[in-house]
Amino acid sequence: MSTDRDPTLLDVFAPHPAFVLAETSRVEAPAAAVYRAIGGLRSTDVRSPLVRTLVHARGLPEALRGHGHFPDLGETMLGARCAFLGERPGKEVVLGAAGRFWTAVPEWYEVTAETFREFAQPHSGTIAVGFSVTPGEGVSCRSTIETRVTVTDPAARRAIALYWHAIRPAALLTTRALLDTIAARAAALTGS
């Protein structure tokens, strides 16, 4: 969580997370290019075969039950009900989802930026994912992806704890692959 003077959007939307995963990478590109790369990020941009396999594996139970399609990377990260929560242009963007996402076939609830923070459906939780850029010295900057999971009650905390510890290695690999993809896109945007 931010220790800066001004709260981040993640501090606003997920001030009391039960679980956090944050990864930062240094990018040799201007902050503006990195932020544009984040804004243009699509699941098909991630080239890691391992991450694609993880995405497919996460969608397998739903596909086998005949509920539709394999989810893409965005759906895997935040579910089909992903909501845009807010943005500080050029610095930070936050997405979120709410539901029972630890089950084989997740149950998602509609949320908006206005309802996300107060979400209180029993035995559920929220996921907020923030993408941020911090200018560095010269032409470099820091790109950070932080995921915060909150819970609505002790039962949800127990269920999510098991899920979180099981998926954390895959979430870490996915986050790192996203950071690598953002860096590559920023380099392509600047021609470096």
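All residue numbers refer to positions in the sequence shown, counting from 1.
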- request: Indicate the atoms forming the closest heavy-atom contact of Arg148 with Pro17, along with that distance.
  value: CB-CB, 3.8 Å
statement: Taking every heavy atom of Thr175 against every heavy atom of Glu23, the minimum-distance pair comes out as CG2-CB, 3.7 Å
task: Decide yes or no on side chain to side chain contact (heavy atoms under 4.5 Å, CB included) for Ile145 and Ile182, but give the supporting numbers first.
output: CA-CA 10 Å; Ile145 301 174; Ile182 290 166; 4.2 Å; yes
- prompt: Closest heavy-atom contact between Val111 and Ala98?
  reply: CG1-CB, 3.6 Å
- request: For Arg88, look at atom CZ and say whether over 12 heavy atoms of other residues, nucleotides or ligands are found less than 6.0 Å away.
  value: yes
- prompt: Parallel, tilted or perpendicular: which fits the ring planes of Phe101 and Trp108, with parallel below 30° and perpendicular above 60°?
  reply: parallel
message: Let's go through Thr103 and Tyr163 carefully: what are the C-alpha distance in whole Å and the side-chain angles of both, what is the deciding distance for side chain to side chain contact (heavy atoms under 4.5 Å, CB included) to 0.1 Å, and is it a yes or a no?
response: CA-CA 8 Å; Thr103 60; Tyr163 172 76; over 6 Å; no
- prompt: Just by distance, do the side chain of Asp180 and the backbone of Ala177 share a donor-acceptor pair under 3.5 Å?
  reply: no
message: When you compare the side chains of Glu146 and Thr144, does any donor N or O come within less than 3.5 Å of an acceptor on the partner?
response: no
- prompt: Are Tyr35 and Glu87 close enough, and set up right, to give a side chain to side chain contact (heavy atoms under 4.5 Å, CB included), and what steps lead you there?
  reply: CA-CA 11 Å; Tyr35 197 76; Glu87 177 181 24; 2.7 Å; yes
message: How close do Ser124 and Phe119 get, counting heavy atoms only, and between which atoms?
response: CB-CE2, 3.6 Å
message: With clusters defined by side-chain heavy atoms of hydrophobic residues (ILVMFWY) lying less than 4.5 Å apart, directly or transitively, does Ile127 cluster with Phe84?
response: yes
message: If hydrophobic clusters are built by linking Ile, Leu, Val, Met, Phe, Trp and Tyr wherever their side-chain heavy atoms come under 4.5 Å apart, do Leu179 and Leu172 end up in the same one?
response: yes
- line: Nearest heavy-atom approach of Val133 to Cys141 is CG1-SG, 3.9 Å
message: I'd like to check Leu21 versus Trp164 (side-chain heavy atoms, cut-off strictly below 4.5 Å). Are they in contact?
response: yes
field: Over all atoms of both residues, closest heavy-atom pair of Thr190 and Pro30
entry: CG2-CD, 3.7 Å
